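Here the structure comes first, spelled out in C-alpha cells, and everything after it is commentary.
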Amino acid sequence: MHSARAVWVKIAALVVSLATLLPIGFIIDMGVRTGWPVLSTMLFRQRVAELLLNTVLLAAVTVPLCIVLAVAVAWLTERSDLAGARIWSALAVAPLAVPAFVHGYAWATVAPGLHGLPGAVMVSVIAYAAFLYLPVAATLRRLDPGLEEVAASLGHPPWRVFWRVVLPQLRVAICGGSLLIGLHLLAEYGLYGMIRFDTFTTAIIDQFQSAYNGPAANTLAGVLVLCCFGFLTLEAGLRGRERYARVGAGAARLPVRIRLGWLALPCLVGLVGLVVLTLGVPLVTLARWLLAGGIAVWRVDEIGSALAQTILYALLGGTAATVAAIPMAWLSVRAPGRLQRALEGCNYIVGALPGVVIALALVTITVRVALPLYQSVATLVFAYMLMFLPRAILSLRGSIAQAPVELEHIAGSLGRSPARAIWAVTMRLAAPGAAAGLALVALGITNELTATMMLAPNGTQTLATGFWAYTAELDYAAAAPYALIMILFSLPLVWLLHSQSRRMAGR
Amino acid sequence: MSFLRLHCVTKRFGAAVALDNVTLQATAGSRTAIVGPSGSGKTTLLRLIAGFDVPDAGQVVLDGAVLADGPAALPAYRRGVGLVMQDGALFPHLSIADNIGFGLDRAAPNRAARIAELMRKVELDLAMSDRRPDALSGGQQQRVALARALAREPRMMLLDEPFSALDTGLRASTRRMVAALLADAGITTILVTHDQAEALSFADQLVVMANGKVCQAGTSHELYLRPRTPMVATFLGDAIILPAMLGAGYAACGLGRIPTEHVAMQGPRMIMLRPEQIALVPCRPSEGRLRGGPWGEIVDLDFGGSTCQVSIRLTATDRHPGQLLALPQMRRDLLDVGASVRLTVTGTAHVFDEGSPAD
C-alpha cells in the first residue's frame, strides 16, 4: 500500500521537476543549435568581457561589505548591551520590505550623480545586507555560550575568542546569506537600471527589448546561468561539511551580553546613520514625491486595476507553486532517498536562476512550440511557479514534518485510501505551512518586475510594472503610490521572516 | 594554608539570591566536591571562580592573588583556571587535536608533541586527532575536554558535572581516571555535582550547599557520619531521623536506648542513624513482645535489585507512637510483608546541632 502511494507521488514530483528543468534545457538546446563557431564569436566580445568584469566586481565588493556590516549589526543587536536591541533588530530587517528597484529609485532621486560601480555597490549593500543579517543574527543567538567561556578559560581575550570561536561558527550562515545576495545581484534589473550600471540582466533586457529573443540575448543568458552555477559551487565549497550543532546534551544558557561602555554612543550613532541610509532615504524620498504629486497622482482607476491584477497573479502563482510543491515536500519528509535528493537539487538550482533567464526561455519556447501561450496568463503563472517553487517547498516541508506519519497510518486503518489519508490528515495539519508558503510566494510575485515585464499579456499592468513604466517616463511622482503599496504589502512578509528567525532560535 | 579562598561572597540575579555570604577554602592540591540540589548556587559559585560572573560582594583569592573583590574582577582569560563542562563544550569547527591545542600557542615548536602527550594522558587513541567532536562518544568528548583544560597547566581545575551525561558504568571509570590524573598533576580541583555518591568518592573535602548557602564543609567521613542538619544527612545518603530524649550519654527513642557521643547533651533533640547500623532479625510476634526490645511489622517491600527497601511499622509504646522506618536491605530472603522483625542497633546515634522534635 505504502509503495503504491509513493509511486504516484514520485511521478508527480518527477513531472514538476522536469518542468522546472525547462529553462536549463532551453539554454543547452540554444547552445547546441547555435553551434560553437557562432557561439564563440558572440561570447568572446569586449561587451561580454565588460559585463563579466562588472558582475564579478559588483559581487566581489558588495558581498564582503554586506558580511562585515551584517556581522557587526548582528553582534550589536544580539550580543551587546545596546539600548533598544529589539527595535534595532527589527530596523535591520525592515529594508527588505522596500523592493530593490524602489531603493534604486530613491537614490536616483536623492543623488542623481550616483552611478557606475560605486553607486551600484552602495545601493546593493543597502538593499541586500539584511539577507545576511537575518541568518547571522539567528545563529549568534543560538550559539552555546559555554564554548566562549571555555575559550576564555583557555587564556584567550574576548577579541580572539570572537575570531577563533564565534566567527567560525557563523560560517554556514554567512555562506548561505552571501549566496542569496550574490544571486540577487545577478538577477536584479530595476536597481541597476536606475543606477545606470550594466550587468548581464540589464544587458539581456536591453537586447530583448530591441530584438526579442535574438541569439545575443540567449548567449548572455547562458553566461548568466554559468555565473549562477559558479556562485552555487563556490558556496557549496566554502560552506564545508561540519556540523555546527551543540555536541552535548542539555539546554543552552542565554548568551551574556557584553557591556559596550563608552563605545555605546559611537555604535548608536553608526546604527542611526545606517537606518537613515537604508530606511530614511527611501521613505523620505517616497514621502517627498507623494507630497509633490498630491492627490493628482492617486489615479484610482489605474492603481486599482494594477492592484487587482497584482493580487490575482499573486494568488494564482502562489496557488500553483504550493500545489506543485506538495509531492516534493511530502517525498522529502516521508520517503527521502536518492531520487528525492536529485529532484530537490533540480528545484534548488531553478530557484537560483534569475527571472530574466526563465522569462527568456519561456518566451522562446512559447513562440516556437505553442504560440497561443505566448504572453498568456498561463505562461506568466508558470514562470512564477518556477521562480518561487523553493519557497513553497520549504514552508510546506516544515509543516509536513510536524504531522506524524502515525496519523496517516491510523487514518488508513480506519478505512481511508492512501490518497485520502494524506489529504484528510497530513494536508489538513500542514495547512498553516501551506498558507505561509502561499503568502511568501504571493508577496514575492507582488514585487517581481523582470519576468512580469517580459511575459505579461498585453495590457496587463501590475504594481511593479506600473511603477517601472512611470519611472521610465521620469514621472517619479506618479510612480510613488505604486511603490508605497508594494512596501505596505511586503511588510507582513518581512515581519514573518523576522519572527521566524527569532522562533528558530527558540525565543 | 589555603590555596583558594572565597570570603563572604554574595551574588544576586535580580531579586533572587544565588549565593548568600559564602565562605569557603581549599588547600593546594586538594579535591573539593560541591554538592547540593539544583538551584542551590553551586554552579554560580563555580562561574565566579572561573570568572564568567562577578560577585556583588566578597572576595575570591587564588594563591594569594585577589581574583575578584566585589564587582572588580580579573577577566576569565587571565585567571589560569581550567574548566570542564557538563557537555564537554568542544569546539565543533575544530578537530580533536585543535581542540586540545586551543589554549596552546599556535607557533609553539613542540605543540604537536604536547597534544599527543595529553591525548595519551587521558587515554585517547592518537588516531582520533583528526576527527571532529561529533564523531566521538560522550566519554571520549569529556576526555578531550579534560586534555584541553590540562594543556595550559592550570593552577586550578573546575569540573561542572562532567560525568553526569555519561552512562553509569562509564561514569565511575571516567571519574576514577580524572581523579587519579588530577592527583598526579597536583592540581587543586573543584567538582560540582548533584550526585552524592560521586561527591563522596571523589573528594577530600565535601561542601554541601542549599539555597545559596554552605550548609556544611568537611571531609567526606565527617559529613556522612556527623552531619550538622537533617538536610545534609539525607542528601548524603539514606538516614533514619528520629526524635529522642537525651540524657546521661544515651538517646531514648523509638529504637530503644542508644548511646551517643554527646554525653553532655540533655533534653529533646533529633538524632540520626545510618541504615547500616540497624540489623533486622525475623521473629514471631509473641517473641518480640516478650524480649521487650524494638520490634515491628513489615508493611511493604520495594524490590530494587541488589538492595531492597523495607518499610517497617514500629510497634507503638506509651512513649513512642508506631513510627514508620524505611531501611535498605541487601538480603530479603527472610523477609515478607506482614512478618515481624526485631531491630538491633550497633554504634552510636548522631545528634543534630539544630532542630528539636518540636520543630
Side-chain angles (χ1 to χ4, degrees), chain A residues 71 79-81 135-136 139-176 237-261 263, chain B residues 13 43 46-47 49-54 71 74-95 98-106 132-138 140-142 144-145 148-154 156-158 160-162 164-166:
Chain A
V71 172
R79 303 304 286 276
S80 78
D81 67 342
V136 169
T139 312
L140 264 184
R141 226 172 288 143
R142 254 195 329 240
L143 289 187
D144 178 4
L147 293 179
E148 287 155 66
E149 289 170 359
V150 166
S153 81
L154 294 169
H156 294 289
W159 61 269
R160 211 154 62 202
V161 172
F162 182 82
W163 270 110
R164 291 188 59 188
V165 176
V166 178
L167 212 52
Q169 296 186 83
L170 297 180
R171 191 155 97 177
V172 171
I174 289 176
C175 281
L238 287 177
R239 186 181 39 197
R241 293 188 165 274
E242 288 110 24
R243 281 190 348 155
Y244 287 91
R246 269 163 70 82
V247 175
R253 270 192 323 279
L254 286 181
V256 181
R257 287 184 176 264
I258 289 177
R259 203 167 302 156
L260 289 172
L263 283 170
Chain B
F13 292 108
T43 296
L46 209 66
R47 292 173 59 79
I49 300 170
F52 305 141
D53 280 328
V54 289
L74 195 67
Y77 70 93
R78 284 163 57 190
R79 291 195 176 190
V81 172
L83 177 73
V84 178
M85 290 198 177
Q86 182 171 6
D87 54 14
L90 301 186
F91 302 116
H93 59 291
L94 297 177
S95 68
D98 286 338
N99 258 288
I100 294 174
F102 194 86
L104 297 172
D105 191 343
R106 276 200 277 195
R132 296 280 168 172
D134 57 16
L136 266 58
S137 71
Q140 289 167 336
Q141 288 185 18
Q142 288 301 42
V144 175
R148 178 176 66 180
L150 285 172
R152 285 173 55 81
E153 294 169 345
M156 163 135 222
M157 183 70 83
L158 305 177
D160 188 1
E161 308 211 14
S164 65
L166 307 180

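No experiment lies behind these values; they were computed from the predicted model shown. Atoms considered below: every heavy atom in the structure, side chains included; atoms not considered: hydrogens, waters and symmetry mates. Numbered from 1 within each chain, the chains take letters A, B, ... in sequence-line order.
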inquiry  = Nearest 0.5 Å, please: how far is CZ in B/Arg148 from OG in A/Ser153?
reply    = 7.0 Å

key: Residue, of B/Arg78, B/Arg79, B/Arg106, that accumulates the most heavy atom pairs under 4.5 Å with chain A   = B/Arg106

inquiry  = Would you say that A/Leu147 contacts B/Pro92 through its side chain, given a criterion of any heavy-atom pair below 4.5 Å between the two side chains?
reply    = yes

ask   = Given A/Arg164 and B/Phe102, is the side chain to side chain contact (heavy atoms under 4.5 Å, CB included) satisfied, shown in steps?
value = CA-CA 9 Å; A/Arg164 291 188 59 188; B/Phe102 194 86; 3.7 Å; yes

remark   = Heavy atoms of A/Val150 and B/Phe52 approach each other most closely as N-CZ, 4.5 Å

task = Might you point out which heavy atoms bring A/Gly155 and B/Arg152 nearest each other, and give the distance in Å?
result = CA-NH2, 3.4 Å

ask   = In Å and rounded to the nearest 0.5 Å, what is the OH to CD distance from B/Tyr77 to A/Glu149?
value = 15.5 Å

